[in-house]
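Report on the structure given below.
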Number of protein chains: 2
Amino acid sequence: MPTKKKPQVTPTPERRRELLATAAEVFAAQGYNATTVRRIADEAGMLAGSLYYHFDSKESMIDEILSTFLDELWQGYDAVLAAGLGPRETIEALVTESFREIDRHRPAVAIYQKESKYLATQPRFAYLADSQAKFEKVWLSTLERGVAEGTFRDDLDIRLTYRFVRDTVWVAASWYRPGGHHSPEEIARQYLSMVLDGIALRT
Amino acid sequence: MPTKKKPQVTPTPERRRELLATAAEVFAAQGYNATTVRRIADEAGMLAGSLYYHFDSKESMIDEILSTFLDELWQGYDAVLAAGLGPRETIEALVTESFREIDRHRPAVAIYQKESKYLATQPRFAYLADSQAKFEKVWLSTLERGVAEGTFRDDLDIRLTYRFVRDTVWVAASWYRPGGHHSPEEIARQYLSMVLDGIALRT
DNA sequence: TAACCTACCAAACACTTGTTAGGGAACGGC
DNA sequence: GCCGTTCCCTAACAAGTGTTTGGTAGGTTA
């Protein structure tokens with residue numbers, strides 16, 4: 001035998017992230033409840049019990065996946081909001097930032113989409129509801145600012161508009177595949193073009 | 001004891017639909033895998049085993065829920081397509097019809113959204129993939145017709161546009177509540193206005 | 001060499017899951 | 001009254017679930 005099979009020297013936090021990445025991939029593909037810890041361990045090349053050396057429960061895995069994602073998301077959003085742009089530019093920046101997050105955390109976003117409503121009922125995941133409330137506040141106020149300034153139409157139900165914009169952005173995580181034909185920025189550009197100007201030809 | 005507790009004379013097919021309705025409600029709220037048959041039975045006021053007098057498995061319940069919904073959906077879609085309208089009018093009619101289906105089958109639509117990708121892998125639910133393929137064909141060809149006719153913009157990725165329109169319509173099932181402020185037709189009108197003309201004010 | 005730590009395995013645990021088999025109450029037709 | 005049907009209950013089953021416990025190979029440190 002020339003060499004060892006594996007380096008076996010990956011430090012602790014590195015290994016944690018690897019395992020969380022594979023867990024997120026399986027959660028996103030199968031759904032949280034439909035995913036067994038044995039399946040995750042299988043995908044990671046180990047046995048089910050061994051996962052409990054790194055994590056103390058299956059729930060704590062999805063918890064860490066989601067909270068890590070949300071932390072990074074809000075870091076990006078807060079940076080955009082701190083720039084003090086106009087309503088339209090803020091929306092454009094938020095959407096672009098969102099697609100970048102989808103590009104970076106696709107499984108996490110997909111999990112968030114599918115499971116957050118169910119998880120948010122548990123006290124442990126109260127931060128999901130908090131995040132959603134903050135989310136709504138930011139987008140709604142930006143839209144209202146735009147309506148007041150005459151940037152956005154005033155003949156639409158503002159809450160309907162909010163859900164429209166929010167959903168069109170985030171459902172993209174269900175079909176988006178990194179390394180596809182379009183970069184996140186290109187997708188954001190086209191999405192913004194559709195949302196802002198519509199798909200009908202202007203005459 | 002003055003009277004009997006229950007009428008107890010509901011005919012068979014009626015009772016089936018009642019049970020399927022409550023099952024659909026729970027499936028939509030909790031997710032299919034997270035829902036136990038005991039929970040469904042609880043909600044229906046009976047014990048788990050009793051469900052198996054009406055259905056032969058949990059899987060056959062969601063099967064019947066989804067296939068019933070899809071049958072009715074395509075009945076509506078086919079009627080629209082048979083009318084032979086122009087591209088823009090076809091899109092408008094399809095979207096309006098979709099919101100009517102969401103109004104009538106909200107739980108079924110929510111289940112379809114969340115579980116279809118996972119279920120479609122099983123042979124029993126092959127019709128889900130079939131339906132999705134037909135769906136894509138109808139919408140894509142209509143959009144392409146509109147681009148060719150000069151009704152829709154030609155500077156957008158057509159598949160991106162398709163997913164955009166499709167998603168914006170169907171995710172509404174996740175927040176829509178029958179009996180709210182807006183009728184399905186009113187929501188369809190505003191959605192179409194946003195999709196076709198955008199949310200930015202025209203100058 | 002010895003003690004120690006990291007990262008995993010092997011095997012089991014308690015519990016929940018979907019599902020089944022047998023029984024029985026209410027009711028209508030005869 | 002009797003029979004059959006409808007609809008549900010009681011009680012259990014086997015399989016699968018997340019999790020725990022004790023052990024151990026291999027590397028690092030002393």
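Both backbone and side-chain heavy atoms feed into the values below; hydrogens, waters and symmetry mates do not. Naming convention: chains lettered A, B, ... in sequence-line order (proteins, then strands); numbering from 1 in each chain.
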Find the distance [X]:[atom1] to [N]:[atom2] and express it as a whole number of Å.
{"X": "Lys58(A)", "N": "dG16(D)", "atom1": "NZ", "atom2": "P", "answer": "16 Å"}
{"X": "Glu59(B)", "N": "dT17(C)", "atom1": "CD", "atom2": "P", "answer": "18 Å"}
{"X": "Phe55(B)", "N": "dT19(C)", "atom1": "CZ", "atom2": "P", "answer": "13 Å"}
{"X": "Asp56(B)", "N": "dT19(C)", "atom1": "CG", "atom2": "P", "answer": "9 Å"}

At less than 4.0 Å, is any side-chain N or O atom of [X] found next to OP1 or OP2 of [N]? Yes or no.
{"X": "Tyr53(B)", "N": "dC8(D)", "value": "no"}
{"X": "Arg15(A)", "N": "dT6(C)", "value": "no"}
{"X": "Tyr52(B)", "N": "dT20(C)", "value": "no"}

In terms of ring plane angle, is the pair Phe164(B) and Tyr191(A) parallel, tilted or perpendicular, where the classes change at 30° and 60°?
perpendicular
Confirm from the modelled atom types if Arg38(A) and dG16(D) form a donor-acceptor pair under 3.5 Å, side chain to base only.
no
If you check the [X] side chain, which of [options] turns out closest?
{"X": "Val37(A)", "options": "dT19(D), dT19(C), dA10(C)", "answer": "dT19(D)"}
{"X": "Ser50(B)", "options": "dT19(D), dC8(C), dC8(D)", "answer": "dC8(D)"}
{"X": "Met46(A)", "options": "dG18(D), dT19(D), dC8(C)", "answer": "dC8(C)"}
{"X": "His54(B)", "options": "dT10(D), dT19(C), dC8(D)", "answer": "dC8(D)"}

Does Gly49(A) or Ala34(A) map to a spot on DNA chain D nearer the 5' end, using the closest nucleotide for each?
Ala34(A)
With side chains defined as the heavy atoms from C-beta onward, is the minimum distance between Phe135(B) and Trp74(B) less than 4.5 Å?
yes
If we only count heavy atoms from C-beta on, is the Ile111(A) to Tyr32(A) side-chain gap below 4.5 Å?
no
Checking the side chain of Ser50(A) only, and the main-chain atoms of Met46(A) only, is there a donor and an acceptor separated by less than 3.5 Å?
no
Could you check whether any side-chain N or O of Lys58(A) sits under 3.5 Å from a backbone N or O of Val37(A), counting only pairs where one atom can act as donor and the other as acceptor?
no
End axis versus end axis in the helix from dT1(C)-dA30(D) to dC13(C)-dG18(D), the angle rounded to 10°, five pairs used at each terminus
10°
Row check, Trp175(B) ring normal vs Arg163(A) NZ/CZ: under 6.0 Å, within 45°:
yes
